[in-house]
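The structure appears right after this line, and notes come after that.
A note on names: the letters A, B, ... follow the listed sequences, proteins ahead of strands, and every chain is numbered from 1.
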Protein chains: 2
Amino acid sequence: MVVDQLSRSPEKDVALDRLFQALADATRRDIVARVTAGEYSVSGLAALYTMSFAAVQKHVAVLERASLVTKEKRGREQIVRGNHDGLQKARHLLDHFEMIWRQRASRIADILAEDDERDLP
Amino acid sequence: MVVDQLSRSPEKDVALDRLFQALADATRRDIVARVTAGEYSVSGLAALYTMSFAAVQKHVAVLERASLVTKEKRGREQIVRGNHDGLQKARHLLDHFEMIWRQRASRIADILAEDDERDLP
DNA sequence: GTATCGTACAACCAAATGGTTGTAGATCAG
DNA sequence: CTGATCTACAACCATTTGGTTGTACGATAC
C-alpha cells in the first residue's frame, strides 16, 4: 500500500479536481463556450436555459471556483467572461498524458526496431 | 428560455460528461498516468493506494466507462491499459474552446486596429 | 484435491451534486 | 418614492459519488 501518488502538490490536484469537475456538465460546457465567445450577464445566461435562475447561478459559481470564468460587477449586472488560463491548465495535463503515451509508444517502437535489426541478415 | 444548447448531439455530451467526470479525481488521474506509461493489473494498481481493492476497482470501472482505459483478461488477472483516443477527445473540446477564444481575441484586435486607423492622421 | 489469489458485485453509508422554491438586498426606471 | 430587475443565498430534496465490508467464483499453486 504505497501512498505515493505520481503527481506531487495536492493543491494543484484540488485545482484540477475543480477544473475537470466543472467541465463534466453539458450546461456548464455550454456556458463556457458562450462566455468564451462573448459577454453575458448571469441573467442573460439564465434566459438561455429551461432551468431556474438559481441553478444557472450555481453553475456559474462552479465555473468561477474552477477558474474557467470570471465575474465582474457592472451596474446591477454581473458580467461573466471566459478565463483563458483555466482552459490551458486542463489542456496542459492532457498534453502531459499524451507525451507520456508517445514516449511509451516510441519505446515500444524501439523494441520492435531492435527485433527487426536482429532479424536482419 | 431558449432550449437550444450550443453543442448538438446529446450522445457525445454524455461521453464528454463521463470523460471529464472521470478526470475529476486525483486517484483516477494517477491511474491514467500509470497505465498510460505501462501495464498494470487491477490488484497491481490497488497495491499502490491506501484505499480498498474494491474502491480501486470502481475507479478503474469509471475510467473504462469514460473510454480512458481498457481492460483485458489475462489468466486470472485483468490488465488495464491507457486508451489514447479518450484523451484526445477531451483535448479536442478544449482546443475547440481555445479556437473560439482566439477568434474572439482577433476580432477585438481588429476593432482596436480600426480605432487606430481612425486616430491616424 | 485444497488453499490462495485476482476479480466481480451487492449492500450499505456519508458526503457532494444538481435541481427547486423562497427571501432579501442593490440598482435602475418612472 | 415606488416598482421592476438583477443578484445572492439559504433551505430543502432526490440522486450520484466515493468509500466501506462481505460474499462468491474462476484460475493458479502446491
Side-chain angles (χ1 to χ4, degrees), chain A residues 1-3 5 7 10 13-32 34-35 39-66 68-81, chain B residues 1-3 5 7 10 13-32 34-35 39-66 68-81:
Chain A
M1 52 178 82
V2 179
V3 187
Q5 302 267 121
S7 64
D13 279 4
V14 174
L16 279 177
D17 285 358
R18 289 182 184 163
L19 245 177
F20 287 114
Q21 172 82 32
L23 288 169
D25 179 283
T27 301
R28 285 198 292 263
R29 288 194 300 273
D30 199 69
I31 291 177
V32 169
R34 298 207 189 242
V35 303
E39 287 181 358
Y40 283 82
S41 67
V42 179
S43 57
L45 285 171
L48 298 171
Y49 310 101
T50 52
M51 71 190 73
S52 69
F53 173 83
V56 175
Q57 207 178 0
K58 278 192 185 180
H59 281 311
V60 172
V62 170
L63 291 171
E64 195 181 12
R65 254 170 51 105
L68 278 168
V69 307
T70 60
K71 275 196 306 186
E72 187 192 347
K73 201 163 188 176
R74 193 163 70 191
R76 68 180 158 188
E77 291 183 328
Q78 200 81 253
I79 303 301
V80 183
R81 294 194 186 83
Chain B
M1 55 177 80
V2 178
V3 187
Q5 303 267 121
S7 64
D13 279 4
V14 174
L16 279 178
D17 285 359
R18 288 181 184 162
L19 246 177
F20 287 114
Q21 172 83 33
L23 289 169
D25 180 282
T27 301
R28 285 197 294 263
R29 287 194 300 273
D30 198 70
I31 292 176
V32 169
R34 298 204 189 246
V35 302
E39 286 182 357
Y40 283 82
S41 67
V42 179
S43 56
L45 285 171
L48 299 172
Y49 310 101
T50 52
M51 70 191 75
S52 69
F53 173 83
V56 174
Q57 206 178 2
K58 279 191 185 180
H59 281 310
V60 172
V62 169
L63 290 171
E64 195 180 14
R65 255 171 49 107
L68 278 168
V69 307
T70 60
K71 275 196 308 186
E72 187 192 349
K73 200 162 187 173
R74 193 163 69 192
R76 70 181 156 183
E77 291 183 330
Q78 199 82 255
I79 303 301
V80 184
R81 293 194 186 83

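- Here the side chain of A/Arg74 pairs no donor or acceptor atom with the backbone of A/Ser41 at under 3.5 angstrom.
- By the 4.5 Å heavy-atom criterion applied to side chains, A/Val35 and A/Leu45 are counted as neighbours.
- Of all nucleotides in DNA chain C, those with any atom nearer than 4.0 Å to a heavy atom of chain A start and finish, going 5' to 3', at C/dG18 to C/dC28.
- Taking side-chain N and O atoms only, B/His59 has a distance below 4.0 Å to OP1 or OP2 of D/dG19.
- Between B/Asp25 and A/Ile79, the residue anchored nearer the 5' end of DNA chain D, judged by the nucleotide with its closest heavy atom, is A/Ile79.
- Going from atom NZ of A/Lys58 over to atom P of D/dA8 covers 14 Å, rounded to whole Å.
- Projected onto DNA chain D by closest heavy-atom contact, A/Val42 and A/Gln21 fall at different nucleotides, the more 5' of which corresponds to A/Val42.
- Taking each heavy atom of A/Ala66 and A/Arg18 in turn, the nearest pair found is CB-O, 3.4 Å.
- Nearest approach of B/Ile31 to B/His59, heavy atoms of both residues: CD1-CB, 4.0 Å.
- Nearest-nucleotide assignment on DNA chain C puts the 5′-proximal partner with B/Phe53, out of B/Phe53 and A/Arg65.
- Between the side chain of A/Arg28 and the backbone N or O of A/Leu23, no donor-acceptor pair lies under 3.5 Å.
- Looking at B/Arg65, its side chain never comes within 3.5 Å of a backbone N or O of B/Ala22 through a donor-acceptor pair.
- Between B/Ala54 and A/Ala55, the residue anchored nearer the 5' end of DNA chain C, judged by the nucleotide with its closest heavy atom, is B/Ala54.
- B/Ala46 and B/Val56 make their closest contact through CA-CG2, 3.7 Å (heavy atoms, listed as atom of the first residue, atom of the second, distance).
- Closest heavy-atom contact between A/Glu72 and A/Gln78: C-OE1, 3.4 Å.
- Distance check: A/Thr27 OG1 to A/Met51 CE gives 3.5 Å after rounding to the nearest 0.5 Å.
- Comparing the start and finish of the helix from C/dG1-D/dC30 to C/dG30-D/dC1, five pairs each, the helix axis swings through 20°, to the nearest 10 degrees.
- Contact annotation for B/Ser52: base contact, defined as any heavy-atom pair under 4.0 Å involving a base atom.
- One atom, CD of A/Gln57, and another, C1' of D/dT7, lie 6 Å apart when rounded to the nearest Å.
- Considering A/Val69, A/Val32, A/Leu63 in turn, A/Val69 is the only one that fulfils the side-chain contact (heavy atoms from CB on, under 4.5 Å) rule with A/Val80.
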Expected rows: protein N/O vs nucleotides 25-28 of chain D N/O, under 3.5 Å:
from	atom 1	to	atom 2	distance (Å)
D/dT28	O4'	B/Arg76	NH1	3.4

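- The separation between A/Glu72 atom CD and D/dT7 atom C1' is 16 Å, rounded to whole Å.
- Nearest heavy-atom pair across B/Tyr49 and B/Arg34 is OH-NE, 3.8 Å.
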